[in-house]
A.B. asks: 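One structure coming up, written as structure tokens, with questions to follow.
Just follow the structure's listing: the first ligand is 1, and inside any ligand the first atom is 1. Along the sequence shown, residues are numbered consecutively beginning with 1.
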Amino acid sequence: MSEVKTRFAPSPTGFMHIGNLRTALYAYLTAKSQGGKFILRIEDTDQDRKVDGAVQVIYDTLSIAGLRNDEGPDCGGPNGPYVQSERLDIYRKYAQQLVEQGDAYYCFCTKDRLAKLHEEQESPDFKGRHGYDGHCRHLPKAEVEALLAAGTPYVIRQKVPQDGVTAYHDVVFGDVSVSNSELQDIVLIKADGFPTYNFAHVIDDHLMEVTHVTRGSEYVAQTPAYILIYRAFGWEHPTYIHLPLIMGKDAEGNVSKLSKRHGSVSFQDMIEDGYLTEAIINYIALLGWNPKTDEEMFTLAELEKRFNPEAINKSPAIFDYEKLLWFNGQYIRKLSADEFYEKALPFIRQAVKNESIDMRKLAALLQQRLEKMTQIPAQLTFFDALPEYSNELYVNAKSKSTLESAPQALAKSIEVLEGLDEWTNEKLYYALKDVAAELGVKANAVMWAVRVAATGTLVTPGGATDILDILGKEESLNRLKNGLARF
Ligand code: GLU
């Protein structure tokens with residue numbers, strides 16, 4: 001078999017939907033798992049949807065995600081150009097060939113005529129076949145030539161055989177077949193001279209020697225029409241790998257196509273939301289594929305070895321943000337202290353302006369429990385200044401902290417900590433344990449009171465001594481004294 005070649009063929013819309021990124025990933029993995037090549041092609045034939053900078057978003061996303069393409073507009077290759085708007089002559093030539101062969105035809109129907117046709121077909125009394133009625137399918141050659149010579153606007157349509165069945169085998173969806181009578185004479189070349197997706201991708205996939213087409217399942221039913229185009233040219237069609245839909249679940253448990261109301265849906269938004277690229281890639285790799293074992297943690301390099309398109313599941317995949325968060329926490333913990341510090345610092349700085357705080361210590365604390373970077377600022381609001389808080393915070397049954405025990409714990413802690421010569425987490429820990437022993441209370445009761453006095457906050461990124469250590473001796477003692485004075 002010839003070398004496996006897959007492609008990712010996004011339309012430059014300005015953002016990368018997570019479903020598109022999964023398509024890119026699966027196409028990449030399909031190639032890499034078989035030692036093949038991965039092509040990037042920009043499908044920009046819809047001129048109305050052009051967005052400045054959109055192609056750059058595609059390059060950046062693939063590069064951040066580590067999906068390196070072997071051919072494409074950025075790196076060239078033997079079958080370029082890789083941008084459809086630079087290939088218009090190619091499409092035109094092949095469309096004309098189809099017209100000459102009798103597999104396509106010029107259609108001069110005006111917008112008005114098509115609108116009227118559509119209106120008639122919408123009527124409840126309409127009994128015929130929906131869609132284009134084939135009005136120009138059998139125009140005499142001379143008439144076509146006269147209309148062309150007169151400069152009449154036209155499109156080129158596929159001439160679909162009116163009988164027979166077109167079938168193919170999809171790697172994920174199995175055997176698919178459609179009666180040709182159900183297919184439309186779709187437009188191949190539009191009035192503006194640009195090809196449609198329907199036509200351009202067939203020509204490109206053939207000329208770029210694509211062996212496996214990996215794309216969303218919205219194209220399953222339309223694929224027989226594409227196969228008819230391949231056949232008209234006498235070309236072999238590629239293997240099709242249509243991917244299951246990605247759904248989202250709302251708060252009420254209703255499932256629908258993943259959209260903004262479920263959460264972030266673009267790669268950029270997810271990154272801004274604090275998710276790590278590795279976690280996103282690992283998670284979306286499992287959205288429709290699994291290794292048939294219990295393993296879930298995969299780096300891209302591992303996926304390149306393990307992925308098998310035959311194991312893609314056709315049932316819709318549900319995007320589970322909780323699970324992504326779990327993956328993210330796992331990947332945060334895998335970062336080295338330096339890597340984490342670098343990523344976390346901008347978020348820490350959002351909440352902590354005090355220069356004397358040891359940011360590295362703070363980062364080390366955060367790395368143990370964090371699920372995503374954007375959770376950082378809200379956890380650190382007490383560092384720069386003690387917030388307003390209620391004495392009710394001192395009451396905690398589990399730690400056996402009460403409004404009576406707390407001031408005692410604080411008073412004794414202040415006394416002991418003032419005499420502490422070395423202000424380290426470890427020394428602080430043993431000092432507070434001694435305080436508890438002297439008072440005859442549980443260590444937790446002392447830790448609780450001290451932590452509340454030091455932070456004025458119930459949920460904190462570390463325990464009492466972690467926080468005292470970072471706040472430093474002077475600030476810590478001020479806060480504990482302030483706590484004591486409240487009673
Ligand atoms: N340009 C199409 C899209 O963005 C690509 C479909 C395909 O991969 O063939 O939906």
A.B. asks: Would you please test Arg261 and Ser256 for side chain to side chain donor-acceptor pair (under 3.5 Å) and show each step?
C.D. replies: CA-CA 10 Å; Arg261 63 200 194 92; Ser256 57; 2.9 Å; yes

A.B. asks: About how many Å separate OH of Tyr28 and CG of Asp70, when rounded to the nearest 0.5 Å?
C.D. replies: 8.0 Å

A.B. asks: Between Trp289 and Phe307, what is the ring plane arrangement, given parallel below 30°, perpendicular above 60°, and tilted in between?
C.D. replies: tilted

A.B. asks: For atom 6 (C) of ligand 1, find the nearest protein heavy atom and state the residue, atom name and distance (0.1 Å precision).
C.D. replies: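 Scanning the protein heavy atoms, the shortest distance from atom 6 (C) of ligand 1 goes to Tyr197 OH, 3.4 Å.
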
A.B. asks: Nearest protein heavy-atom contact for atom 1 (N) of ligand 1: which residue, which atom, what distance?
C.D. replies: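 The protein heavy atom lying closest is Glu43 OE1, 2.7 Å.
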
A.B. asks: Polar-atom distance check: Ser11 versus ligand 1, any N or O pair below 3.5 Å?
C.D. replies: yes

A.B. asks: Closer than 4.0 Å to some heavy atom of Arg215 - which atoms of ligand 1 meet that?
C.D. replies: 7 (C), 8 (O), 9 (O)

A.B. asks: Quick one: look up the protein heavy atom nearest atom 5 (C) of ligand 1 and list residue, atom name and how far away it is.
C.D. replies: Ala9 O, 3.1 Å

A.B. asks: Taking the six-membered ring for Trp and the single ring otherwise, decide whether the centroids of His130 and Phe126 are under 6.0 Å apart.
C.D. replies: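 Yes, ring centres under 6.0 Å apart.
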
A.B. asks: Tell me whether the guanidinium CZ or amine NZ of Arg22 lies under 6.0 angstrom from the six-membered ring centre of Tyr26 and within 45° of its axis.
C.D. replies: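 Positive - Arg22 is close enough to the ring of Tyr26 and near enough to its axis.
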
A.B. asks: Considering only non-hydrogen protein atoms, determine which one is nearest to atom 8 (O) of ligand 1 and report residue, atom name and distance to 0.1 Å.
C.D. replies: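 Looking only at protein heavy atoms, the one closest to atom 8 (O) of ligand 1 is Arg7 NH1, 2.7 Å.
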
A.B. asks: Among protein heavy atoms, which lies nearest atom 10 (O) of ligand 1, and at what distance?
C.D. replies: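 Looking at atom 10 (O) of ligand 1, the protein heavy atom closest to it is Tyr219 OH, 3.1 Å.
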
A.B. asks: Quick check with a 6.0 Å cut-off and a 45 degree axis cone: is Lys334 positioned over the face of Tyr331's six-membered ring?
C.D. replies: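 Judged by the rule, Lys334 and Tyr331 form a cation-pi pair.
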
